[in-house]
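Notes follow once the structure below has been shown.
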Amino acid sequence: MAPRKTATQQPHKTPGIRRLSDPRHYRAPWQLSIYHGGKKTRRYFATAEEAQAAQKIALRLQKREGSKAFGYSREAQVEYEEAKKLAGDTRLVSIVQEFAVRAAAGAERRSVAAAVEQYIAAKVKLERSEKHISDLKDRLSTFAASFPERGIESISRNELLDWLLGLAPQLSSRSIWNFFGAVAALFSYAEKRDWLVINPFRKIDPKSDLPKKTKGAVEILTVNQGDAVMREIEQNYPQFIGWACIQYFLGIRAAESERFRGSWIRLDEKKILVPGWQIEGKKKMGVTKTRNDWVIHDAPLAFWTWVKRYPESFQANRLANPNWKVWGRIRDTLINQKVLQKWPRNGFRASIATMHLSAFANPGRTSLLLRHRNPERLHANYLAELQPKHVGLAYLRLRPIKKKIRLT
């Protein structure tokens, strides 16, 4: 009597299991096929017994859980566990439903990094000053690095506030406020582009939620320091003489000086006309901070001496100005020469305001020169740094060197 054949000897007759002759599966030639949801899943085993055992487990699981049980993926399980940890008690289905509603409302997903990149590109296209763009890049890159791969719409009000407060004590309260302004502007831009449904910055009150801004002491250039700065520019960077003079003598703000045009300087009338707006191409661009026209009739006499000595530097359609790298190199030279310890905040403007007020003791006259709306406020700001009258006059009387430097 012939011996009875076992399932192991006839595995090819077991539905769903077959032996392969494919050399790629020589280590596990026994293929188990399982069908679920209209799809077929294949698994491979070294022996027929292992394939049959796995099939029995699969059939029991299918009977108990249904065919969806065969769609299990360890990768999907890990993803689910991570998502559930973030969601807390909120059901993931609810979150997906909310996301679908947000998408239906037209909101587009942008990562923080992508949002920053597009925002900076928009500022460059609008021809904002290099200093302004550089400052935005530095602050927003720091912000983006703190939220890698995050969608900008996923960042909450509390996360933003925690991040801002976490900048202390490395940064001063004023710097934290500056970061607040830069990031808030980014989120406002994102809101207008429909990358957000709700702007979390609307829930932050900077006056109550951020550290109180502390005003530091006003720092100014001395007469010798002011002379050294102007000589460095005159001798080594003469193309920027006009740009330096309108700040040194007129207190033109740094951002405004980058848009300043030589045609606004009327040598024959001894006046400077600064428009609030100007047309560049087809665009209307703001010039002054207040967007108001301003006429300066009382420029220090030494300013006109510089205009006469270097007329070509003051006649350009837009006064040549150094980019932030070159300006940093100029300041570093003076610091290395021990002329300065550091560049004072708003150094040119604070210095002319203080020295002009020291020379004439007339807040109204100084306010007209610097375009301050409130003479009393001006006097209060610079009273602590007032100098003797002769020092103020010496600062205002700085003249160019006798021999004219040839502009390159």
- request: Please assess I352 against L396 for the test side-chain contact (heavy atoms from CB on, under 4.5 Å), listing each intermediate value before the final yes or no.
  value: CA-CA 8 Å; I352 184 60; L396 299 178; 3.2 Å; yes

Closest non-hydrogen contact found for G242 with S313 is N-OG, 2.8 Å

Rounded to the nearest 0.5 angstrom, the CG-OG1 distance for L221 and T354 is 10.0 Å

Margin query: Determine whether a donor-acceptor pair (N or O, by modelled atom type, separation under 3.5 Å) exists between the side chain of S188 and the backbone of A184.
Written below: no

- prompt: Do F179 and F143 come close enough that some side-chain heavy atom pair is under 4.5 Å?
  reply: no

| said: How about CD1 on I335, more than 12 heavy atoms from neighbouring residues, nucleotides or ligands closer than 6.0 Å, or not? | reply: yes

Check: Is R110 reaching over with its side chain to a backbone N or O of W195, donor-acceptor style, under 3.5 angstrom?
Finding: no

Fill in: Y310 and P400, any side-chain heavy atoms less than 4.5 Å apart
yes

Q. Is the shortest heavy-atom distance from the side chain of Q337 to the side chain of L334 under 4.5 Å?
A. yes

Note: I34 and A58 closest approach over all heavy atoms is CD1-CB, 3.6 Å

Checklist entry - Under the 3.5 angstrom rule, does the side chain of E234 hit a backbone N or O of I401 as a donor-acceptor pair? => result yes

Distance col, row R202:CZ vs F187:CZ, nearest 0.5 angstrom, shows 12.5 Å

- Look at the side chain of Q225 and the backbone N and O of V339, then say whether any donor-acceptor pair between them is shorter than 3.5 Å. yes

CD1 (I252) and OG (S257) are apart, to the nearest 0.5 Å, by 8.0 Å

Interatomic distance, CG@L357 vs OG1@T366, rounded to 0.5 Å, equals 4.5 Å

| request: Verify the neighbour count for atom CZ of R150: are there more than 12 heavy atoms of other residues, nucleotides or ligands below 6.0 Å? | output: yes

Practice item. Flag the pair F348 / W343 as yes when their ring centroid distance falls below 6.0 Å, and as no otherwise. Key: yes

Tell me, yes or no, whether the heavy-atom count around K137 atom NZ, taken from other residues, nucleotides or ligands under 6.0 Å, exceeds 12.
no

inquiry  = Tell me whether R193 forms a cation-pi arrangement with Y189, defined as NZ or CZ under 6.0 Å from the six-membered ring centre and within 45 degrees of its axis.
reply    = yes

So, do V295 and I272 sit near enough that their side-chain heavy atoms are less than 4.5 Å apart?
-> no

Heavy-atom closest pair (L136 atom, A182 atom, distance to 0.1 Å) is CD2-CB, 4.1 Å

Original post:
Donor-acceptor pair, W177 side chain versus L210 backbone, under 3.5 Å?
Top reply: no

On a heavy-atom basis, the closest approach of Y119 and A185 is OH-CB, 3.3 Å

The reported gap from CD1 in I246 to CG in L319 (rounded to nearest 0.5 angstrom) is 5.0 Å

Would a 4.5 Å heavy-atom cut-off, applied to side chains only, mark Q239 and P322 as touching?
no

Item checked: Any donor-acceptor pair under 3.5 Å from S173 side chain to P211 backbone -> no

E232 atom CD: more than 12 heavy-atom contacts under 6.0 Å: yes

| said: With heavy-atom distances below 4.5 Å as the criterion, would you say the side chains of L368 and D298 are in contact? | reply: no

Point to revise | is_close_aromatic(F240, W327), centroid dist under 6.0 Å | key: no

Interatomic distance, CD@Q55 vs CG@L32, rounded to 0.5 Å, equals 5.5 Å

Given W304 and I265, is the side-chain contact (heavy atoms from CB on, under 4.5 Å) satisfied, shown in steps? CA-CA 10 Å; W304 300 109; I265 299 173; 3.7 Å; yes

Could you go through K342 and E219, starting from their C-alpha distance and side-chain angles, then the distance that decides it, and tell me whether this counts as side-chain contact (heavy atoms from CB on, under 4.5 Å)? CA-CA 10 Å; K342 66 175 183 178; E219 299 179 34; 3.2 Å; yes

Residue set satisfying side chain to side chain donor-acceptor pair (under 3.5 Å) with S111, at least two apart, ordered chain then number -> none

Check your understanding: When you measure from the side chain of D227 to the backbone N and O of V223, does any donor-acceptor pair fall under 3.5 Å?
Key -> no

Check: Are F249 and L398 side-chain neighbours, meaning at least one heavy-atom pair lies under 4.5 Å?
Finding: yes

Residues at least two apart in sequence or cross-chain that pass side-chain contact (heavy atoms from CB on, under 4.5 Å) with E269, listed by chain then number, are R266, K271

Test your reading of the model: is there a side-chain donor-acceptor pair from R349 to the backbone of G251, 3.5 Å cut-off? yes

Q.
If you take the centroid of each ring, where Trp contributes its six-membered ring, are F303 and Y248 closer together than 6.0 Å?
A. no

All heavy atoms of L196 vs all of P200, minimum pair found to be CD1-CD, 4.5 Å

Handout entry: Note, I296 side chain near W264 side chain (heavy atom, < 4.5 Å)
Key = no

Run R399 and R309 through side-chain contact (heavy atoms from CB on, under 4.5 Å) and show every step you take.
CA-CA 10 Å; R399 293 178 177 272; R309 181 67 56 83; over 6 Å; no

Closest heavy-atom pair, S351 versus Y395, reported as atoms and distance to 0.1 Å, is CB-OH, 3.3 Å

Has S358 got a side-chain atom pairing as donor or acceptor with Q387's backbone, closer than 3.5 angstrom? yes

- Would you call the rings of Y44 and H25 parallel, tilted or perpendicular, where under 30° means parallel and over 60° means perpendicular? parallel

